[in-house]
Enquirer: 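Let me begin by handing over the structure; questions about it come next.
When a residue number appears, it is its place in the shown sequence, counting from 1. Small disclaimer: the values here were computed from a predicted structure and weren't measured. First listed ligand is number 1; within each ligand, the first listed atom is number 1.
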Amino acid sequence: MGTRPEVIKLGPVYGELSRRPEFMPLVVATAQHRQMLDQMLPLFGMTPDLDLNIMQEGQTLGQVTCRALAGLEQAYAELKPDLVLVQGDTTTVLTGALAAFYARIPVGHVEAGLRTNNKFSPFPEESNRRLTGVLADLHFAATPLARDNLLAEGTASESIFVTGNTVIDALQMIAAHPPKLAGTPLEALLRGDRRVILVTAHRRENLGEPLRQVCRALRKIAEDFADVQVIYAIHPNPQVRAVAHEVLDGAERVALIDPPDYQYFVALMSRAYLAITDSGGVQEEAPALDLPVLVTRDTSERPEGIASGAAELVGTDPERIYHAAARLLTEAEAYRAMQQAPCPYGDGQASRRIAQALEYHFGLRPEQPEEYV
Ligand code: UD1
């Protein structure tokens, strides 16, 4: 694992495998993200068995890829795993699968089969997950739609397992033990009954002008609605931080905060009125918490939430973002419809199904794993 979402989504799988005596899960951290990885690992009881520590300021995609690939090749030679699990679509995932393929180690891909069919959106994630799919032996599709995407590409059906998304397992684990907000900087922000709009934004295809436009829309929403509090958890990427501060510094009712630990972020989502985000994970988590989401992207590999009515794709045009948010702030019926839309991403049992599929793969279990429908 290399980034924050990989830790969140593999944490419950690690826990599930640890509880089964037939498995010995080992954690290799590329640490493509340094601070955000260190922030998340302890929450799921994980300590890396090997830490490649590859992150550098201003790293290019090629540099991340080279350092991760070389480090993982060595890691596998040292640890000699029987199988490698990767999750999602980051550069760590692609290199994790490629290094395993070179060493002829089987690969399981968690959250397989997401597609926008546009190789530049999200960039580079769409191509990372397609390439990982080519290299993987076991495909853990979160939803039936993801399975259909894989089947349409000719992936063998017996190698695909529909499990639900492990992010819902993580969310349920964490939400069961809400942290105390008293004495934290969040307490002051959440005081009173202002409606909280929770924001995250970090996608590479949105860096620069698109992100500036999103920030302008946020500024106007906060200006026009006196009972709103915008809370924007800013990704540490310097290119994200610069634009957010440029447009939003000094704006009333807009708080720019560092990315909170996951349990605090979950608490924020639970309390929020609306989420505005380009994150994949938040699109999955929000419907499970009855939180309407506006997705600031032109495409989404997660159409299930849009189809169910829990999410709306609004792109990065400031007018469009503003009007979609204003509608949800003023039209109770429209808001309720989004809030009550079902969560199509999982039921909290995905890790158990993945563990069952691995037992099945290794001949430790005669019957097929259960499926998420
Ligand atoms: C990465 C993944 C993306 C995932 C996202 C989740 C790639 C190419 N991108 O995007 O798929 O959705 O993580 O957050 O795999 N930085 C820090 N501290 C940190 C993390 C990042 O300072 O803890 C800075 C570094 O300067 C780094 C920059 O952020 O150069 C970008 O990080 P990088 O991992 O290259 O890509 P992300 O945009 O974070």
Enquirer: Taking atom 9 (N) of ligand 1 as the point of reference, which of Q35, E125, R241 owns the nearest heavy atom?
Expert: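 Among Q35, E125, R241, the closest heavy atom to atom 9 (N) of ligand 1 comes from E125.
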Enquirer: So among Q32, R67, R34, which one has a side chain to side chain donor-acceptor pair (under 3.5 Å) with N53?
Expert: R34
Enquirer: Can N149 and L114 be said to form a side-chain contact (heavy atoms from CB on, under 4.5 Å), step by step?
Expert: CA-CA 7 Å; N149 290 338; L114 273 60; 6.0 Å; no
Enquirer: Identify, by atom number and element, the atoms of ligand 1 in contact range of P5, meaning under 4.0 Å from any of its heavy atoms.
Expert: 6 (C)
Enquirer: If two hydrophobic side chains count as joined below 4.5 Å and joins carry through other members, does L186 share a cluster with L198?
Expert: yes
Enquirer: Looking only at heavy atoms, is any part of N128 under 4.0 Å from ligand 1, and if so is it the side chain, the backbone, or both, or is it neither?
Expert: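 Answer for N128: neither.
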Enquirer: Can you tell me if E187 and T184 form a side-chain donor-acceptor pair at under 3.5 Å?
Expert: no
Enquirer: Can you pull out the closest protein heavy atom to atom 16 (N) of ligand 1? Residue, atom name and distance to 0.1 Å, please.
Expert: M55 SD, 3.9 Å
Enquirer: Which ligand 1 atoms, with their elements, are less than 4.0 angstrom from a heavy-atom of E57?
Expert: 22 (O), 26 (O)
Enquirer: Out of all atoms in ligand 1, which are within 4.0 Å of some heavy atom of T90? Include the element for each.
Expert: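 That gives atoms 2 (C), 11 (O), 15 (O) of ligand 1.
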Enquirer: By number and element, which atoms of ligand 1 are closer than 4.0 Å to a non-hydrogen atom of G58?
Expert: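 This gives 26 (O), 30 (O) as the contact atoms.
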Enquirer: Quick one: does K220's side chain get under 4.5 Å of P318's, heavy atoms only?
Expert: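 Not in contact.
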Enquirer: Between P238 and ligand 1, which residue portion shows a heavy-atom distance shorter than 4.0 Å: side chain, backbone, both, or neither?
Expert: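 The answer is the side chain.
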Enquirer: Heavy-atom distances under 4.0 Å decide this one: backbone, side chain, both or neither, for S279 against ligand 1?
Expert: neither
Enquirer: Decide yes or no on salt bridge (Lys or Arg N to Asp or Glu O under 4.0 Å) for R147 and E371, but give the supporting numbers first.
Expert: CA-CA 11 Å; R147 175 194 48 210; E371 290 242 306; 3.4 Å; yes
Enquirer: Applying the 4.5 Å side-chain criterion to the ILVMFWY set and letting contacts propagate, would I257 and Y262 be lumped into a single cluster?
Expert: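 Same hydrophobic cluster.
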Enquirer: How far is atom 7 (C) of ligand 1 from the closest protein heavy atom, and which atom is that?
Expert: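 Scanning the protein heavy atoms, the shortest distance from atom 7 (C) of ligand 1 goes to Q32 NE2, 3.2 Å.
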Enquirer: Considering the heavy atoms of T3, write down every atom of ligand 1 situated less than 4.0 Å from one of them.
Expert: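 Checking each atom against T3, I get 13 (O).
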Enquirer: Yes or no: does Q39 have any heavy atom under 4.0 Å from an atom of ligand 1?
Expert: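 No, that is not the case, since the closest heavy atom of the residue is not under 4.0 Å from the ligand.
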Enquirer: Would you mind telling me if ligand 1 is within reach of the side chain of R34, the backbone, both or neither, using heavy atoms under 4.0 Å?
Expert: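 Backbone only.
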Enquirer: Select one of side chain, backbone, both or neither to describe which atoms of R204 lie under 4.0 Å from any atom of ligand 1, heavy atoms only.
Expert: side chain
Enquirer: Spell out, yes or no, whether M36 and L10 are grouped together once hydrophobic residues are joined by side-chain heavy atoms under 4.5 Å, including indirect joins.
Expert: no
Enquirer: Enumerate the atoms of ligand 1 whose separation from the nearest heavy atom of T91 is less than 4.0 angstrom.
Expert: 7 (C), 8 (C), 15 (O)
Enquirer: Which residue in the set V254, L189, L190 passes side chain to side chain contact (heavy atoms under 4.5 Å, CB included) when paired with Q229?
Expert: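 Of the listed residues V254, L189, L190, the side chain to side chain contact (heavy atoms under 4.5 Å, CB included) partner of Q229 is L189.
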Enquirer: Is Q74 atom CD crowded by more than 12 heavy atoms from other residues, nucleotides or ligands, each under 6.0 Å away?
Expert: no
Enquirer: If we check side chain to side chain contact (heavy atoms under 4.5 Å, CB included) with P48, which of these qualifies: L41, D38, L37, T30?
Expert: L41
Enquirer: Could you check whether any heavy atom of Q56 sits closer than 4.0 Å to an atom of ligand 1, since that is the contact criterion I want to use?
Expert: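 Q56: in contact with ligand 1 (<4.0 Å).
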Enquirer: I want to confirm something. Looking only at heavy atoms, which of H202, Q239, Q59 is nearest to atom 32 (O) of ligand 1?
Expert: Q59
Enquirer: Over 60° means perpendicular and under 30° means parallel, so classify the ring planes of H235 and H33, tilted if in between.
Expert: perpendicular
Enquirer: Counting each atom of ligand 1 from 1 as listed, which ones have a heavy atom of P124 under 4.0 Å away?
Expert: 8 (C)
Enquirer: With a 4.0 Å heavy-atom cut-off (strictly under), which part of N237 contacts ligand 1: side chain, backbone, both or neither?
Expert: both
Enquirer: Taking only heavy atoms of L61, which atoms of ligand 1 are found under 4.0 Å from at least one of them?
Expert: 8 (C)
Enquirer: Can you pull out the closest protein heavy atom to atom 14 (O) of ligand 1? Residue, atom name and distance to 0.1 Å, please.
Expert: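 Nearest protein contact, heavy atoms only, for atom 14 (O) of ligand 1 is H33 CE1, 3.0 Å.
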Enquirer: Quick check: is L98 connected to V107 through a chain of hydrophobic side chains (ILVMFWY, heavy atoms under 4.5 Å apart)?
Expert: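 Looking at the clustering, L98 is in a separate group from V107.
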